[in-house]
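This report refers to the structure that appears directly beneath it.
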Amino acid sequence: MNTQTALPAHPYFAQALLEWYPRHRRDLPWRHTRDPYAIWLSEVILQQTRVKQGLPYYLDFVTTYPTVHDLAAAPEEEVLRHWQGLGYYSRARNMHHTAQQVVREYGGQFPNNYAELLKLRGVGQYTAAAIASFAFGEKVAVLDGNVFRVLSRVFGITADIAAPASRKEFQLLANQLIPAEAPDEFNQAVMEFGAIQCTPVNPDCLFCPLQRECYAFQHGMVNQLPVKTKAKASRTRYFHYLVLRHGDTVYMRRRGPKDIWHGLYDFALTETETPELSALEVLDTLEALGGQVATNRAEEPVQALRHVLSHQKVEARFHSIWLEAPLPASVITTSGLAPYTASQTEELPKPIMIANYINNRLNKN
DNA sequence: CTCCCGTAGG
DNA sequence: CCTACGGGAG
């Protein structure tokens, strides 16, 4: 019976990167552990997020929630508050859900293989492969943006990396390249190489260990690869916030699903198609909420803030309004608005724009 | 301005 | 298959 496995294609590739990696790798805390919980935390945080931005969040999470049991036991809102500023907030909600699932259905032990990890919410093909290889040494090749870029350049692959159909081609190649002896080191090495040396702009080709074999370098195509179709232009949205205040409280509400910032808190909101919203309409909105302007307060200037997301621009105007009386209980029920003191407001998870407004504007008045 | 590109849901 | 979902660095 012949049980030998096929030799890796292009053995120079793994050899070069496995030699490059120990000499260039950054010293990062999740590279000192095999604890699947810590590795899972780091991978979810690093989805769509740079190491420099994610690192302080990782340190905060492993300190605040040292085990999956601690995370599972925390209120979702507290988890979201720790996530504040990191973006893609569904990651935090999914992470919290998965922590509870691991505790309830897996006895607090993370699944130990790719197929089972893939069933966890918020764990897709990349993250499942990362955890499986880093925590359990499973030979499964990760495919992230760095890997796409490196493979595209070295092997001259012109398939559009933005097209889901291209994945097959890259996955097939990566599966052939990954060595059985060190699948985890190989995965780390390719991604780190893409992050540090084979960067999107101004890659360090001069001192590249793959220069001789690299298709893009040899053909002067480094700046043309990888091929990636442009994202479509983002739309602009106009938010008009009514910052309702009474005494030392401000009214806020939790944002719902199917829009940006699900689960985070902001103020009473009217959205319009055009930038303008007349003072009259603002008062109409206020009246609909059952509120009445206090007459003994000077009108405050409208603050404007702009917030850019990858897929939409938000132009927000903040109308600070002092109420004559607290909002009636019925309005609180229907609108979801509730009064919060400054210290309570601080504890709520909020979009960065709202947190900035509160810190820079609201608390100065 | 451009670049980052993983997961879920439709 | 397609689109929605952040925030920051350069």
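In what follows, every chain begins at residue 1, and chains take the letters A, B, ... in the order their sequences are listed.
- For A:R149, the side-chain atoms get nearest to B:dC4 when compared with the rest of C:dA4, B:dC4, C:dG7.
- Between C:dT3 and B:dC5, the two C1' atoms lie 14 Å apart (nearest whole Å).
- Computed from coordinates, the A:I260 CD1 to B:dA8 P distance equals 21 Å when rounded to whole Å.
- Hydrophobic cluster membership differs between A:V140 and A:I131, with clusters built from Ile, Leu, Val, Met, Phe, Trp and Tyr side chains linked at under 4.5 angstrom.
- When the nucleotides B:dG6, B:dC3, C:dG8 are ranked by their closest atom to the side chain of A:V201, B:dC3 comes out on top.
- Residue A:T127 has a polar side-chain atom (N or O) positioned under 4.0 Å from OP1 or OP2 of B:dT7.
- A:R255 places its CZ atom 14 Å from the C1' atom of C:dA4, with the value rounded to the nearest Å.
- In this structure, A:Q303 and A:V243 have side chains that are not in contact, with every pair of non-hydrogen atoms separated by 4.5 Å or more.
- An OP1 or OP2 oxygen of C:dG7 is reached within less than 4.0 angstrom by a side-chain nitrogen or oxygen of A:W261.
- Closest approach to the A:I352 side chain among B:dC5, C:dG7, B:dG6 is made by C:dG7 (side chain taken as heavy atoms from C-beta onward).
- One atom, OH of A:Y126, and another, C1' of B:dC4, lie 14 Å apart when rounded to the nearest Å.
- A:V154 and A:V222 sit in two unconnected hydrophobic clusters of ILVMFWY residues. Membership requires side-chain heavy atoms under 4.5 Å apart, directly or through other members.
- When the side-chain nitrogen and oxygen atoms of A:Y88 are compared with OP1 and OP2 of B:dC5, none of them lie within a distance under 4.0 Å.
- Here C:dG7 presents its C1' atom at 9 Å from CZ of A:R91, a figure rounded to the nearest Å.
- Note on ring orientation: taking the six-membered ring where Trp is involved, the planes of A:H219 and A:Y215 are parallel (angle under 30°, cut-offs 30° and 60°).
- Remark: A:Q211 pairs with no residue by the side-chain hydrogen bond (donor to acceptor under 3.5 Å, both in side chains) rule, at least two apart or across chains.
- Between A:N94 and B:dG6 there is no side-chain N or O to OP1 or OP2 distance below 4.0 Å.
- The side chain of A:P164 lies closest to C:dC1 when the candidates are B:dC5, C:dC1, C:dG7.
- Applying the 4.0 Å criterion to OP1 and OP2 of B:dC4, one finds that A:K228 has a side-chain N or O inside that range.
- Residue contacts shown for A:N202 are absent, as no nucleic acid heavy atom lies under 4.0 Å away.
- Two rings, from A:F155 and A:F13, have their centers less than 6.0 Å apart.
- Here the P atom of nucleotide B:dA8 and the NE2 atom of A:H262 are 15 Å apart, to the nearest Å.
- Distance from the side chain of A:R121 is smallest to B:dA8 among B:dA8, B:dG6, B:dC5.
- As judged by a 4.0 angstrom heavy-atom cut-off over every strand, A:V44 is placed among residues making no nucleic acid contact.
- In this model, the phosphate group of C:dC5 is approached by a side-chain N or O of A:Q312 to a distance below 4.0 Å at OP1 or OP2.
- Contact between the side-chain N/O atoms of A:H311 and the OP1/OP2 oxygens of C:dT3 is not found at any separation under 4.0 Å.
- Taking for each of A:A165 and A:G85 the nucleotide of DNA chain C with the nearest heavy atom, the 5'-most of the two is the partner of A:A165.
- When all heavy atoms of A:R31 and A:Y21 are compared, the pair lying nearest together is NE-OH, 3.4 Å.
- Put simply, the side chain of A:W30 does not reach to within 4.5 Å of the side chain of A:L41, judged on heavy atoms.
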Whenever both distances are under 3.5 Å in a Watson-Crick or G-U wobble pair, mark it; put DNA chain C into dot-bracket that way, with [ ] for crossing pairs and | when the partner is on another strand. |||||.||||

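- Using a 4.0 Å heavy-atom criterion, one finds that A:L118 contacts no nucleic acid atom at all.
- We find that CZ of A:R93 is positioned 10 Å from P of B:dG9, with the value rounded to whole Å.
- Looking at heavy atoms from C-beta onward, A:P339 lies in side-chain contact with A:I332 at the 4.5 angstrom threshold.
- Side-chain N/O atoms of A:Q47 include one lying less than 4.0 angstrom from OP1 or OP2 on B:dT7.
- Straight-line distance from the OH atom of A:Y89 to the C1' atom of C:dC5: 11 Å, rounded to whole Å.
- In this structure, A:I45 places its CD1 atom 15 Å from P of C:dG7, rounding to the nearest Å.
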